[in-house]
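To start, the structure itself, in structure tokens.
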Amino acid sequence: MSTHNVPETFSIPVGPLHVALEEPMYFKIDVQGETVSHIDINAGHAHRGIEYLTTKRSMYQNVVLTERICSLCSNSHPQTFAMAAEKIAGIEVPERGIYLRTVADEMKRVTSHLFNVALLVHLVGYETYFMHMMQVREIGQDMLESIFGNRQDIGAMCIGGVRYDLDDKSIAYIKGALDKIETETKDIIKTFKTNGSILRRTKGVGVLTHADAITCGVVGPVARASGVDYDVRREAPYAAYDRLPLVVHSLTDGDVWSRAMVRLEEILTSIDLLRVCLRDLPGGPVNINDRPDIPPGQAVTRSEAPRGEVIYYLRTNDTPQPERVKWRVPTFMNWDSLRFMLQDAKVADIAMIVNSIDPCLSCTER
Amino acid sequence: MNFLTIFARNLKQGPQTEAFPLGPAFTPERLRGRIEFNAATCEGCRICERVCPANAIRFAKTPDGMTFDCWHNTCVFCGNCEFYCPTDAIHQTNDWDLSHVNADKFDMVEHGLIPNQTCVECGATALNTAPMVKNAKPPLSTEEYAEVRARCPKCRAKYLKNRKVPA
Ligand code: SF4
Ligand code: SF4
């Protein structure tokens, strides 16, 4: 081997820490100069064995355990799990419970999306605006803490309904908070459409074409930003979504900017849905007020988490513990698309592109 | 909003961060914090122990009665115990300040005792739990409640069966 040959391609490790979120994912990236030529994705740094653990817990304990799979989608997991248990046992959730489930779901979506877009601004390098966006999100976090008692694991779901209720005071409080978030989000959207730094860094970067999106089977805002007009809330309505004026946002460019824009528009839609839910909130019980045994059986349910479609498979037997719980989480589907997004990207854009799929390691590696 | 406007507004409002520990921290009423147990209203049904996903709650039979222990450092503040408790004997306060020095870690326990008593009717030793009479019709008067409570489970059932229910 000649010692004078300077290799044209370098391999650089990105991760397993500090890629976008402080979550462990390892990318082995081959670069030519400043340009990415090939990437290898390596997961498995933080496996927690939660799927196994669920078979050691009773159904009622598992509602709490599944909530802890991911802190940002922490409402979608127990909800989908509870939906599966209800399907097996033939439990009907009362009307008010159905609406309150939607309320919890959409509140979490608002704060989750704000968090991801704020991080994008941070990676763009616009720290001041990042601080501002996190402060806007804080209005939502305070709302979660005041209504549910916790900022992340809101504990809203139970098998047979929800665990919380709203009175006039809390409804007025939520409406006030939503007004604030709405005004701010509209401003953020305006900034995203006009701010030079954000546009230059995010437009045309990390493109996932429609065809590639289909190939990878991406879900959620990542899919919708590439023109895949798909949202579980519309395709297979659960909770109260069949009665709500849901608007599904999709864009065609498939770049980092589009993914952020889809999320920002979805925040406004979520706020609209929340307002309708609070207006139409029926009376009556919020749950079945019982703790029935779940009979043997199996069920598959799905819902639209902030990151996309989450699917649960549940099989029960004669014991209080489930025999098998298996979930397909949204981020798992979205990782692969990074191969396409990062191809020929600039090294400096890697973190931003990774962040744009709203990666969630804690659910991918549960 | 133009960023200069945000800047001006923030200048006027001052820092958004909380002054804690120098000032109070934002603590909503519904915050789900430290567990509190009230032995006087506990029915001893042990549902809380069963639904607790963290196994933070332990009941144990002792010569004095049944002890209740909830380990704050094991508890994940999910609220399952309070939600499924039929009497609100266990509940989450909005006290979130559980910081402590390492040496105190084994003292971070909510402890309670449901004492033994002697049944006024048959003289058997039984737990002085709150009677499960939520569904009794008509509701028990205060005197009746005390009478039921002073009995062992067998005599409680007998008392309730023989209770004169006005037609
Ligand atoms: S605290 Fe509540 S759930 Fe636990 S044993 Fe007592 S009555 Fe039952
Ligand atoms: S709050 Fe949850 S973890 Fe804590 S004691 Fe109650 S059931 Fe157990």
Side-chain angles (χ1 to χ4, degrees), chain A residues 53-54 56-68 74 78 126 128-129 131-136 138-139 141-159 161-166 169-170 173 183-184 186-188 190-191 194-195 287 289-291 320, chain B residues 1-18 20 24-36 45-57 74-88 90-96 98 134-135:
Chain A
L53 273 184
T54 52
K56 304 287 160 207
R57 297 274 187 285
S58 75
M59 295 295 288
Y60 292 88
Q61 294 173 315
N62 274 332
V63 174
V64 176
L65 181 60
T66 51
E67 180 161 34
R68 277 143 182 86
S74 70
Y126 194 173
T128 335
Y129 207 65
M131 295 287 184
H132 170 67
M133 287 192 65
M134 288 305 270
Q135 190 55 42
V136 175
E138 207 54 25
I139 305 171
Q141 291 300 103
D142 281 350
M143 174 167 79
L144 294 177
E145 197 174 15
S146 304
I147 301 298
F148 303 102
N150 193 300
R151 290 163 57 90
Q152 291 289 16
D153 295 322
I154 61 176
M157 296 296 149
C158 66
I159 294 174
V162 292
R163 268 171 42 179
Y164 76 106
D165 203 355
L166 296 176
K169 200 174 128 211
S170 40
Y173 167 75
T183 325
E184 300 283 0
K186 282 184 177 156
D187 274 332
I188 294 168
K190 218 189 291 163
T191 307
T194 54
N195 183 288
N287 55 47
N289 194 16
D290 192 12
R291 208 164 36 86
Chain B
M1 212 188 301
N2 175 312
F3 202 85
L4 281 178
T5 332
I6 298 176
F7 178 65
R9 188 187 66 186
N10 285 355
L11 261 188
K12 210 171 98 214
Q13 280 181 350
Q16 301 267 13
T17 42
E18 280 156 15
F20 187 80
F26 170 71
T27 306
E29 223 172 280
R30 292 196 188 185
L31 187 104
R32 292 185 278 121
R34 178 200 292 264
I35 293 292
E36 214 172 60
C45 63
R46 299 175 76 158
I47 288 175
C48 51
E49 190 183 31
R50 268 209 303 282
V51 298
C52 174
N55 292 336
I57 298 176
T74 311
C75 169
V76 297
F77 307 106
C78 65
N80 245 14
C81 50
E82 170 170 354
F83 179 66
Y84 287 112
C85 173
T87 66
D88 293 328
I90 188 165
H91 94 109
Q92 282 187 286
T93 62
N94 69 350
D95 173 15
W96 47 265
L98 287 157
K134 242 185 25 203
N135 297 327

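Quick note on labels: first sequence line is chain A, next is B, and so on, each numbered from 1.
- For chain A, no part of F7(B) is nearby; none of its heavy atoms comes within less than 4.5 Å.
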side-chain contact (heavy atoms from CB on, under 4.5 Å), that's the test. Do R291(A) and R50(B) meet it? Break it down for me. CA-CA 12 Å; R291(A) 208 164 36 86; R50(B) 268 209 303 282; 3.7 Å; yes
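- Residues Q61(A) and C52(B) come closest through the heavy atom pair NE2-O, 2.7 Å.
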Worked check of side-chain contact (heavy atoms from CB on, under 4.5 Å) between E29(B) and S146(A): CA-CA 7 Å; E29(B) 223 172 280; S146(A) 304; over 6 Å; no
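- In this structure E36(B) satisfies the side-chain hydrogen bond (donor to acceptor under 3.5 Å, both in side chains) test together with H91(B), sequence neighbours excluded.
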Take C78(B) and E67(A), measure what side-chain contact (heavy atoms from CB on, under 4.5 Å) needs, and give me the verdict at the end. CA-CA 10 Å; C78(B) 65; E67(A) 180 161 34; 5.8 Å; no
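- Take R57(A) and apply the salt bridge (charged side-chain N to carboxylate O under 4.0 Å, His left out) test, not counting sequence neighbours, and it matches no residue.
- Within the 4.5 Å cutoff, side-chain heavy atoms of N287(A) are placed close to those of F83(B).
- No more than 12 heavy atoms of other residues, nucleotides or ligands sit less than 6.0 Å from atom CE of M131(A).
- Interface remark: of the candidates T17(B), N80(B), N10(B), T27(B), N80(B) forms the most heavy-atom pairs closer than 4.5 Å to chain A.
- Heavy atoms of R151(A) lying under 4.5 Å from chain B are absent altogether.
- Both the backbone and the side chain of E145(A) come within contact range of chain B, judged by heavy atoms closer than 4.5 Å.
- Between the CG atom of D187(A) and the CD1 atom of I6(B) there is a distance of 6.5 Å, given to the nearest 0.5 Å.
- In terms of heavy atoms, D142(A) sits closest to F26(B) at OD1-CE2, 3.5 Å.
- With a 4.5 Å cut-off on non-hydrogen atoms, N94(B) does not touch chain A at all.
- Per-residue heavy-atom pair counts under 4.5 Å with chain B were compared for I147(A), L65(A), D153(A), and the maximum is reached by I147(A).
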Evaluate the criterion side-chain contact (heavy atoms from CB on, under 4.5 Å) for residue pair I47(B) and Y60(A); output intermediate values, then yes/no. CA-CA 11 Å; I47(B) 288 175; Y60(A) 292 88; over 6 Å; no
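- Looking at T183(A), neither its backbone nor its side chain comes within 4.5 Å of chain B, counting heavy atoms on both sides.
- Atom-to-atom distance recorded for N150(A):CG and Q92(B):CD is 9.0 Å, nearest 0.5 angstrom.
- Atom CG of N289(A) has 12 or fewer heavy atoms from other residues, nucleotides or ligands within 6.0 Å.
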